[in-house]
Amino acid sequence: MSLSEKADVSTFVDLTQHEIEALKTRFNLADAHTHQRQSATQERIVSRLPELWHESETKQQAHFERLFLDAFFRLHRQPTALTMGRTLLSYSASVSTMVAGMFLKQRGKSVALVEPCFDNLVDLLRNMQVPISPLAESALHHRESIYERLVEQVDADAIYLVDPNNPTGFTLLAEKLEGFREVVRYCVDHDKVLVMDFCFASFALCDERVGRVDVYQLLEESGVTYLVMEDTGKTWPIQDAKCAMLTASRDIHEEVYNLHTSVLLNVSPFVLNMVTQYIEDSIEDGFASVRDIIETNARTARTALSGTVLEFQEPVVGTSVAWFRIKPEALTATALQSVLFDEEVYVLPGTFFYWNTPAKGERYVRLALAREPEVFAGAMERTRKVLERYAG
């Protein structure tokens, strides 16, 4: 790409526009979608695609929905969710989020949304005309003070959290249910709706220190009003074929269901059939095909960028993105992204993640890790050479 062909990224209004441009770039480290190759067992699934296609033509939609949900919740160790039978399927997390936003708007609810987070959550809520205010992720960092910090900071009718958070990798569930229990307790005591985005939760399964516990059991037993989004879109390398889930508490399920059916009928039975095979493969291999790629590239990034102007921010959960702090105060994320873009390496600036206080985001950049390791290593080599310009 010549400099004359370069887009003016300063005109972009959200992270997705950056990610679209990055798709044209040699080293795309922007979007968190999966761009690595298939594992050996995943290749066998690809070889069976005609069979899966014809099978999808011969059986009912409900059959593939049952198989998918059974596999997904077994993988994620959520037996309560499976027995409830209240999970609604859609073809992207954005659609599930849009339905959640429609519910909040219909109820006239305002939202305290975690900051930082991926900015399409902000845009979707704003486009639904849902009033939003920031909730600093740091308010959740210490279990013993979560309840008090929420009392101090939240004036909204609902709390909206992402767990593990994108981009920081923070999770409330590092101590099993203890931190999460405090958030639920606050919501019950103060009559708040709890909205949880678990779209990166698969990476907690990759981390033996964290894992997953049955969050739906706690939600159901607490009596809290809740909406939970989950997704397959950031986990397996399946060309952006995916399925998202939206589960609502019993007291609002009918209302949410009516909104959901105003948006779509169903997810493709072929996609459900195919994604189910990938889920079963990960159950069989203990998530090795996902975990190994992420761990390899995370090590590569930390090694290659060690001693540079970028400082790796240790996540609580190692997700498919890496969050780096820019050490020199004079160097901004906006400037660094532009220089890297000149060298055909596309990273995301932290400004959009800090959706309420973009200046804080100028201290950070995010790198996507779900890439073929050889390609990622080349991107890190080039990135280090660019960063050497700022040495000393």
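Values in this document were obtained by computation on a predicted structure and should not be read as measured data.
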Undergrad: Which of these passes side-chain contact (heavy atoms from CB on, under 4.5 Å) with Asp31: Leu29, Thr34, Asn28?
TA: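 The side-chain contact (heavy atoms from CB on, under 4.5 Å) with Asp31 is passed solely by Asn28 among Leu29, Thr34, Asn28.
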
Undergrad: Just so I know, are the side chains of Leu227 and Thr247 near enough to count as touching, which here means a heavy-atom distance under 4.5 Å?
TA: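 Not in contact.
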
Undergrad: Within this structure, what is the CD-CD1 distance for the pair Glu372 and Ile293, rounded to the nearest 0.5 Å?
TA: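 The CD1 atom of Ile293 is 5.5 Å from CD of Glu372, to the nearest 0.5 Å.
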
Undergrad: Is the backbone N or O of Thr303 less than 3.5 Å from a side-chain atom of Ser306, with the two atoms forming a donor-acceptor pair by type?
TA: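 Not a single qualifying donor-acceptor pair exists.
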
Undergrad: Look up atom CG in Leu194 and atom CG in Leu161, then write down how far apart they are to the nearest 0.5 Å.
TA: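 One finds 6.0 Å between CG of Leu194 and CG of Leu161.
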
Undergrad: I'd like to know if the side chain of Arg366 reaches the main chain of Leu348, judged simply by a donor and an acceptor atom lying under 3.5 Å from each other, with no hydrogens or angles considered.
TA: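 No, the answer is negative, given that no donor and acceptor are paired below the 3.5 Å cut-off.
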
Undergrad: Below 30° counts as parallel, above 60° as perpendicular, anything between as tilted: where do the rings of Phe170 and His141 land?
TA: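 Aromatic pair Phe170/His141 classed tilted.
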
Undergrad: Look at the rings of Tyr354 and Trp323 and say which category their plane angle falls in: under 30° parallel, 30 to 60° tilted, over 60° perpendicular.
TA: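 Plane angle under 30°, so parallel.
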
Undergrad: For the backbone of Thr334 and the side chain of Ser338, can you confirm whether one donor and one acceptor N or O come within less than 3.5 Å of each other?
TA: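 Between the backbone of Thr334 and the side chain of Ser338 there is no qualifying donor-acceptor contact (under 3.5 Å).
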
Undergrad: Out of curiosity, Glu19 CD to Glu21 CD, how far, rounded to the nearest 0.5 Å?
TA: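 If we round to the nearest 0.5 Å, Glu19:CD and Glu21:CD are 12.0 Å apart.
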
Undergrad: Would you check if Val386 and Val345 make a side-chain contact, meaning some heavy-atom pair closer than 4.5 Å?
TA: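 When only atoms from C-beta onward are counted, Val345 and Val386 do not touch, as no gap falls below 4.5 Å.
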
Undergrad: Has the side chain of Thr232 got a donor or acceptor atom that lies under 3.5 Å from a matching backbone atom of Lys242?
TA: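 Not a single qualifying donor-acceptor pair exists.
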
Undergrad: Regarding Glu374 and Arg37, does a basic nitrogen lie under 4.0 Å from an acidic carboxylate oxygen?
TA: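 A salt bridge is absent here (no side-chain N lies under 4.0 Å from a carboxylate O).
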
Undergrad: Do NZ/NE/NH1/NH2 and the carboxylate oxygens of Glu280 and Arg74 come within less than 4.0 Å?
TA: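 Salt bridge present between Glu280 and Arg74.
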
Undergrad: How long is the span from the OG1 atom in Thr87 to the CD atom in Glu230, to the nearest 0.5 Å?
TA: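 Nearest 0.5 Å value for the OG1-CD distance: 8.0 Å.
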
Undergrad: Which ring pair (Phe, Tyr, Trp, His ring centres under 6.0 Å) pairs, counting each pair once, include a residue from residues 33-67, with sequence neighbours left out?
TA: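 Residue pairs passing ring pair (Phe, Tyr, Trp, His ring centres under 6.0 Å), neighbours aside: Trp53-Phe270.
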
Undergrad: Salt-bridged, Glu388 to Lys385, with N to O below 4.0 Å?
TA: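 Looking at Glu388 and Lys385, the cut-off is not met.
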
Undergrad: Looking only at side-chain N and O atoms, does Asn120 offer a donor or acceptor that is under 3.5 Å from a partner on Thr16?
TA: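 Absent: no donor and acceptor within the cut-off.
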
Undergrad: Would a distance-only check, ignoring hydrogens and angles, find a side-chain to backbone donor-acceptor pair under 3.5 Å from Asn273 to Leu52?
TA: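 Here the side-chain-to-backbone pair exists.
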
Undergrad: Please determine if Glu175 and Arg143 form a salt bridge, counting it only when a charged side-chain N lies under 4.0 Å from a carboxylate O.
TA: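 Looking at Arg143 together with Glu175, the answer is yes, because their closest N to O distance falls below 4.0 Å.
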
Undergrad: Any chance CD of Gln60 has more than 12 other-residue heavy atoms, nucleotides or ligands included, within less than 6.0 Å?
TA: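 Check fails, neighbour count at 12 or below.
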
Undergrad: Cut-off 3.5 Å, side chains only: do Thr225 and Ser249 have a donor facing an acceptor?
TA: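 Checked: Thr225/Ser249 side chains show no N/O donor-acceptor pair below 3.5 Å.
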
Undergrad: Just by distance, with hydrogens left out, do Arg212 and His76 show a side-chain donor and acceptor under 3.5 Å apart?
TA: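 A donor-acceptor contact under 3.5 Å links the two side chains.
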
Undergrad: State whether the number of non-hydrogen atoms from other residues, nucleotides or ligands found under 6.0 Å of Arg250 atom CZ is greater than 12.
TA: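 No, because the 6.0 Å sphere around CZ of Arg250 holds 12 heavy atoms or fewer from other groups.
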
Undergrad: Mark yes when over 12 heavy atoms from residues, nucleotides or ligands other than Glu144 sit less than 6.0 Å from its CD; otherwise mark no.
TA: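 Atom CD in Glu144 is crowded, with more than 12 foreign heavy atoms closer than 6.0 Å.
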
Undergrad: Is the side chain of Asp231 donor-acceptor paired with the backbone N or O of Ser92 at a distance under 3.5 Å, no angle test?
TA: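 No.
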
Undergrad: Are more than 12 heavy atoms from other residues, nucleotides or ligands located less than 6.0 Å from atom OH of Tyr257?
TA: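 No, the 6.0 Å shell around OH holds no more than 12 heavy atoms from other groups.
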
Undergrad: Cut-off 3.5 Å, side chains only: do Glu221 and Gln217 have a donor facing an acceptor?
TA: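 The criterion, which ignores hydrogens and geometry beyond distance, is satisfied for Gln217 and Glu221.
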
Undergrad: Hey, does Leu82 have a side-chain heavy atom less than 4.5 Å from the side chain of Leu69?
TA: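 With C-beta onward as the side chain, the pair touches.
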
Undergrad: Restricting to non-hydrogen atoms, name the atom on Phe27 and the atom on Val375 that form the minimum distance, rounded to 0.1 Å.
TA: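 The pair with the smallest heavy-atom distance is CE2-O, 3.7 Å.
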
Undergrad: State whether the side chain of Gln38 and the backbone N or O of Pro237 hold a donor-acceptor pair below 3.5 Å, judged by distance alone.
TA: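 It does hold such a pair.
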
Undergrad: Could you check if a side-chain atom of Phe200 sits within less than 4.5 angstrom of a side-chain atom of Val317, using non-hydrogen atoms only?
TA: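 Side chain of Phe200 against side chain of Val317, heavy atoms only: no contact under 4.5 Å found.
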
Undergrad: Looking at Lys360, is its backbone amide N or carbonyl O close enough to the side chain of Thr357 to form a donor-acceptor pair, meaning the two atoms are under 3.5 Å apart?
TA: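 Checked: no pair found.
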
Undergrad: Side chains of Leu89 and Asn266: does their closest heavy-atom pair fall under 4.5 Å?
TA: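 Leu89 does not reach Asn266 side chain to side chain.
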
Undergrad: Just by modelled atom types, is the Ile279 backbone N or O under 3.5 Å from a matching donor or acceptor in the Ser282 side chain?
TA: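 Absent.
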
Undergrad: So, Arg363 and Glu311, do they make that salt bridge, N to O below 4.0 Å?
TA: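 So Arg363 does not pair with Glu311 through a salt bridge.
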
Undergrad: Taking atom types as modelled and ignoring hydrogens, do the side chains of Asn356 and Glu115 form a donor-acceptor contact shorter than 3.5 angstrom?
TA: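 Side chains of Asn356 and Glu115: no pair found under 3.5 Å.
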
Undergrad: Using distance alone, with no hydrogens and no angle criterion, decide if Gln313 and Thr168 have a side-chain donor and acceptor under 3.5 Å apart.
TA: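 Judged by distance alone, the side chains do not pair up.
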
Undergrad: Within the structure provided, determine whether Thr235 and Tyr278 are in side-chain contact (heavy-atom separation under 4.5 Å).
TA: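 They are not in side-chain contact.
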
Undergrad: Might you confirm whether atom NZ of Lys109 has over 12 heavy atoms from other residues, nucleotides or ligands at distances under 6.0 Å?
TA: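 Counting neighbours around NZ of Lys109, more than 12 heavy atoms of other residues, nucleotides or ligands fall under 6.0 Å, so yes.
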
Undergrad: Taking atom CG as the centre, does Asp191 end up with more than 12 heavy-atom neighbours from other residues, nucleotides or ligands that are less than 6.0 angstrom away?
TA: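 No, the 6.0 Å shell around CG holds no more than 12 heavy atoms from other groups.
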
Undergrad: Kindly give the heavy-atom pair with the smallest separation between Leu88 and His253, and that separation in Å.
TA: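 In this case the closest contact between Leu88 and His253 is CD2-CE1, 4.2 Å.
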
Undergrad: Quiz question: by atom type and distance under 3.5 Å, do the side chains of Asn258 and Glu254 form a donor-acceptor pair?
TA: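 Absent: no donor and acceptor within the cut-off.
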
Undergrad: Is a side-chain N or O of Ser90 found less than 3.5 angstrom from the main chain of Val95, in a donor-acceptor match?
TA: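 Flag not set: sc Ser90 to bb Val95 has no pair under 3.5 Å.
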
Undergrad: Side chains of Tyr364 and Ile326, heavy atoms from C-beta outward: is any pair under 4.5 Å?
TA: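 Not in contact.
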
Undergrad: Is it the case that the ring center of Phe352 lies less than 6.0 angstrom away from the ring center of His18?
TA: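 Yes, the ring centres sit under 6.0 Å apart.
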
Undergrad: With rounding to the nearest 0.5 Å, note down the distance linking CZ in Arg384 to CG in Leu310.
TA: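 The distance works out to 10.5 Å.
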
Undergrad: Using the rule given for side chain to side chain contact (heavy atoms under 4.5 Å, CB included), can you reason through Asp123 versus Trp355, listing the C-alpha separation, both sets of side-chain angles and the distance that settles it, and then say yes or no?
TA: CA-CA 10 Å; Asp123 293 340; Trp355 53 270; over 6 Å; no

Undergrad: What orientation do Trp236 and Phe287 show, parallel under 30°, tilted 30 to 60°, or perpendicular over 60°?
TA: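 Because their plane-to-plane angle is under 30°, the rings of Trp236 and Phe287 count as parallel.
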
Undergrad: Would you say the side chains of Gln42 and Ser289 form a donor-acceptor pair under 3.5 Å?
TA: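 Yes, because at least one side-chain N or O of Gln42 sits under 3.5 Å from a partner of the opposite role on Ser289.
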
Undergrad: Measure from NZ or CZ of Arg181 to the centre of the six-membered ring of Tyr147 and say whether it is under 6.0 Å with the direction within 45° of the ring axis.
TA: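 Relative to the ring axis of Tyr147, which defines the angle, Arg181 lies outside at least one limit.
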
Undergrad: Taking salt bridge (Lys or Arg N to Asp or Glu O under 4.0 Å) as the test, write out the residues that go with Glu284, two or more places apart.
TA: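 In terms of salt bridge (Lys or Arg N to Asp or Glu O under 4.0 Å), with neighbours along the sequence ignored, Glu284 is linked to no residue.
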
Undergrad: Roughly how far, to the nearest 0.5 Å, is the CG atom of Asp163 from the SG atom of Cys199?
TA: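 Rounded to the nearest 0.5 Å, the SG-CG separation comes out at 11.5 Å.
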
